[in-house]
Amino acid sequence: MRVTLWVIMSSSLLVGCAVLPDAWQRKAPAPSSEGVSEEASVDGEVVGPPPPPPGARTVEAFDTTTDAERAAAVTGPSGQERRLGTTIASLGDVSETGLWMKTPLVDASAKGRVLHGPTGTSVAVDLLPLEGDAGAGSQLSLAAMRLLDVGLTDLPEVEVFRTGN
């Protein structure tokens, strides 16, 4: 009787173990685009970079900005701008496409520019409010980090400017 019970329990465990690798190999659900801030809308249609493809795994796949968008973003300072301050930036959510910076230096969405002093590189971005004190740090989009030519794990110090009014 004991041997039979032991065989049944061992068999059950082996069957359970055979199922586990399938569960471990299931892919995570694709990132939701819900709550992603987009650049603008024209006649109710969203304008801006498309979301990354569901199977995105590389930096290039997640950065969906076009060559034209990248070229326009690095054109340099525009006429009227106001310096908001300096902040330490980290990489933001890579599933949120576009050129943006979430920062406590603004309390409402605005157009702006970030300047990385050591490289002299400047990138036009959408400034988005981020809760926290002014010295709490900011988050940059993947595309903006790439255009600033800083490592994705770096914490660059950048100057932030608001452009326009």
Side-chain angles (χ1 to χ4, degrees), residues 26-165:
R26 284 190 197 132
K27 296 194 185 217
S32 168
S33 60
E34 192 173 305
V36 173
S37 58
E38 299 291 345
E39 289 183 13
S41 66
V42 178
D43 297 328
E45 192 171 316
V46 174
V47 176
R57 297 286 181 261
T58 65
V59 171
E60 289 75 21
F62 275 102
D63 185 357
T64 61
T65 55
T66 65
D67 290 340
E69 289 168 323
R70 287 184 218 122
V74 293
T75 57
S78 62
Q80 296 180 0
E81 62 180 24
R82 187 182 78 185
R83 185 180 183 279
L84 299 177
T86 302
T87 186
I88 301 296
S90 64
L91 178 63
D93 184 349
V94 297
S95 68
E96 294 183 40
T97 59
L99 293 157
W100 51 263
M101 172 183 252
K102 292 182 181 179
T103 180
L105 298 175
V106 296
D107 55 7
S109 297
K111 295 292 183 188
R113 179 175 71 92
V114 293
L115 170 67
H116 184 239
T119 62
T121 307
S122 169
V123 177
V125 294
D126 289 325
L127 298 174
L128 306 170
L130 179 67
E131 284 190 40
D133 296 330
S138 302
Q139 299 173 5
L140 272 170
S141 69
L142 174 66
M145 291 282 280
R146 292 182 74 195
L147 287 173
L148 285 176
D149 199 25
V150 295
L152 299 181
T153 58
D154 291 353
L155 297 172
E157 183 176 76
V158 295
E159 287 185 71
V160 182
F161 298 88
R162 181 181 178 141
T163 57
N165 294 334

*Quick one: closest heavy-atom pair of P104 and G137, and the distance?*
CD-O, 3.2 Å
*asked:* Could you measure the distance from the OG atom of S109 to the CG atom of L127? Nearest 0.5 Å is fine.
replied: 8.5 Å
*asked:* Show the nearest heavy-atom pair for residues M145 and G151, with the distance to one decimal.
replied: CE-O, 3.5 Å
*Answer yes or no: are there more than 12 heavy-atom neighbours, outside D149 itself, under 6.0 Å from its atom CG?*
no
*Is the shortest heavy-atom distance from the side chain of V158 to the side chain of T87 under 4.5 Å?*
yes
*Under 3.5 Å, is there a donor-acceptor pair between the side chain of D154 and the main chain of P156?*
no
*asked:* Looking only at the side chains, is there a donor atom on one of T163 and R113 sitting less than 3.5 Å from an acceptor on the other?
replied: no
*Are more than 12 heavy atoms from other residues, nucleotides or ligands located less than 6.0 Å from atom CZ of R82?*
no
*Residue pair V114 / T103, side-chain heavy-atom distance below 4.5 Å*: no
*Check whether any side-chain heavy atom of L152 lies under 4.5 Å from a side-chain heavy atom of L142, and answer yes or no.*
yes
*What are the two closest non-hydrogen atoms of L115 and S122, and how far apart are they?*
CD1-CB, 4.1 Å
*Quick one: pull up NE2 in H116 and CD in E157 and give me the separation to the nearest 0.5 Å.*
8.5 Å
*Inter-residue atom distance L140.CG - L155.CG, 0.5 Å rounding*: 11.0 Å
*Residue that, paired with K102, satisfies side-chain hydrogen bond (donor to acceptor under 3.5 Å, both in side chains) out of Q139, E96, E131*: E96
_Could you report the tightest heavy-atom contact between A144 and W100, atom names first, then the distance?_
CB-O, 4.3 Å
*asked:* So which atom in L148 and which in T121 form the shortest heavy-atom distance, rounded to 0.1 Å?
replied: CD2-O, 3.5 Å
*Find out whether D126 and L99 are in side-chain contact, i.e. whether some heavy atom of one side chain is under 4.5 Å from a heavy atom of the other.*
no
_Minimal non-hydrogen separation, G98 against A143, with atom names_ = O-CB, 3.5 Å
*asked:* As an exercise, state the distance from CZ of R146 to OG of S141, rounded to the nearest 0.5 Å.
replied: 10.5 Å
